[in-house]
Protein chains: 2
Amino acid sequence: MTRKTTQDRLLDAAEELFAVQGIAAVSLRQITSEAGANLAAVHYHFGSKRDLVLAVFKRRIEPINAERLRRLDALQAAADAPVLEDLLRVFLEPALAFVAEGPRTFFQLVGRAHAEPDEALKLDLMSNFGEVARRFLDAFCAAVPEVARDEMTWRLHFLVGSMVHLLINEVALVVISQGDCDPSDPTGSALERLVAFGAAGLRAPVPESVR
Amino acid sequence: MTRKTTQDRLLDAAEELFAVQGIAAVSLRQITSEAGANLAAVHYHFGSKRDLVLAVFKRRIEPINAERLRRLDALQAAADAPVLEDLLRVFLEPALAFVAEGPRTFFQLVGRAHAEPDEALKLDLMSNFGEVARRFLDAFCAAVPEVARDEMTWRLHFLVGSMVHLLINEVALVVISQGDCDPSDPTGSALERLVAFGAAGLRAPVPESVR
DNA sequence: GTCTATAACTAGATAGAC
DNA sequence: GTCTATCTAGTTATAGAC
């Protein structure tokens, strides 16, 4: 087994540290020290801290959106208009499942990235999400023909908000439940709970006031 | 008209800058310069940057939660079990309305705070949200008796996620809609859209798998 | 590719004059 | 309460040896 390259070790260390402490709070010294590399290695391999941040996101996000599309293809091959709940699982699971399997920390980081002030970073993050959003919007609209596409777009936005919040804010759930909910199993019950909540939300009758 | 105190000017400047650039990215020098105050004034009035941050949040959050409870009292005085949609408006509006009336930036900041790595700050932020959450959970459960309280707690969590996401991520909505949605009117149509989405989600049948 | 050394700068915090 | 001046410690980034 060959040892990981310096580049990979830097990406691993940065991902972990960014997730725990937030991007701005982590210094290159912490990253290189954690990765067992030299301070100058970041600039040699990535050019700057900002480019390292972009590389950290790119490495994970592309496979996940690819997985979403792959599963969506499979679902649509099996049935012309898949039911909404199945579509939601296909959309949410590649994200939530990763929390359990892979580096759990990365999804805290994705959540954090959504709140970053750096608009260019967010746009970059969503560079290949545009395709995913379009495909899923089409499928949601086919599954719920009573809801117009622009209304469905708002609802997808709300859904993404619920998902992101679930990924970062364990604390909030503990506080509002006063200890009754265990948020540490987001792959298990949380997925099904969010599917039920989201499906009902996407199917909701469109109110008069916004028609 | 008396001029605002240095304390207030510092709070105003910090709020604005934190909202636009993120908390970690703003220096005390920027804040004091914007407020027309001296660098040392922050330490004199607040003690440290962290204490200034806490003061910025405290000034706004307490009145909003108070308003939520005041309206909830009024609603419950008029009807024993108010309908879910009215409860949602009472919960969401004091937050969303502020975006239009008051300092619009503050709610970007609230959104950002939800993604902060500083757990102590988040707990402090939610110090008086516990009471609000309990009261609204009771009311939601009374309006939708089929859903158990712990399930309703998860759903309130999802709802808060949608609300927060709406407050910070205008960019995301523009990207996924490819320009079809105008996110710049969060008080108007967005409130009613989110009420419809959230009400349906809170009322969703509880799936077998989580019962 | 990896290292040391250091440049160039910025941060939060504080002492002490007024 | 407000100022200047400064301390200490941290940051990113780079030049140049190996």
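Every chain is numbered from 1, with letters handed out A, B, ... down the list of sequences.
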Task: Per-nucleotide protein contact string for nucleotides 2-18 of chain C (B base, S sugar-phosphate only, - none; heavy atom under 4.0 Å) - done: BBB------BBBB----
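Under the rule for a salt bridge (charged side-chain N to carboxylate O under 4.0 Å, His left out), the partners of Arg59(A) that lie at least two apart in sequence or sit in another chain are Asp12(A), Glu15(A). Taking Phe18(A) as the reference, nothing meets the ring pair (Phe, Tyr, Trp, His ring centres under 6.0 Å) condition, with sequence neighbours excluded. Looking at residues two or more places apart in sequence or on another chain, you find no salt bridge (charged side-chain N to carboxylate O under 4.0 Å, His left out) involving Arg9(B).
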For a quick test of your reading: what N or O donor-acceptor pairs under 3.5 Å do the side chains of residues 69-78 of chain A make, sequence neighbours left out?
residue: Arg70(A); atom: NE; partner: Glu67(A); partner atom: OE1; Å: 3.3
residue: Arg70(A); atom: NH2; partner: Glu67(A); partner atom: OE2; Å: 3.3
residue: Arg71(A); atom: NE; partner: Glu67(A); partner atom: OE2; Å: 2.7
residue: Arg71(A); atom: NH1; partner: Glu93(A); partner atom: OE1; Å: 2.8
residue: Arg71(A); atom: NH2; partner: Glu67(A); partner atom: OE2; Å: 3.2
residue: Asp73(A); atom: OD1; partner: Arg135(A); partner atom: NH1; Å: 3.3
residue: Asp73(A); atom: OD1; partner: Arg135(A); partner atom: NH2; Å: 2.9
residue: Gln76(A); atom: OE1; partner: Arg135(A); partner atom: NH2; Å: 2.9

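Residue pairs satisfying the side-chain hydrogen bond (donor to acceptor under 3.5 Å, both in side chains) criterion with at least one member in residues 25-38 of chain B, sequence neighbours excluded, are listed as follows: Gln21(B)-Gln30(B).
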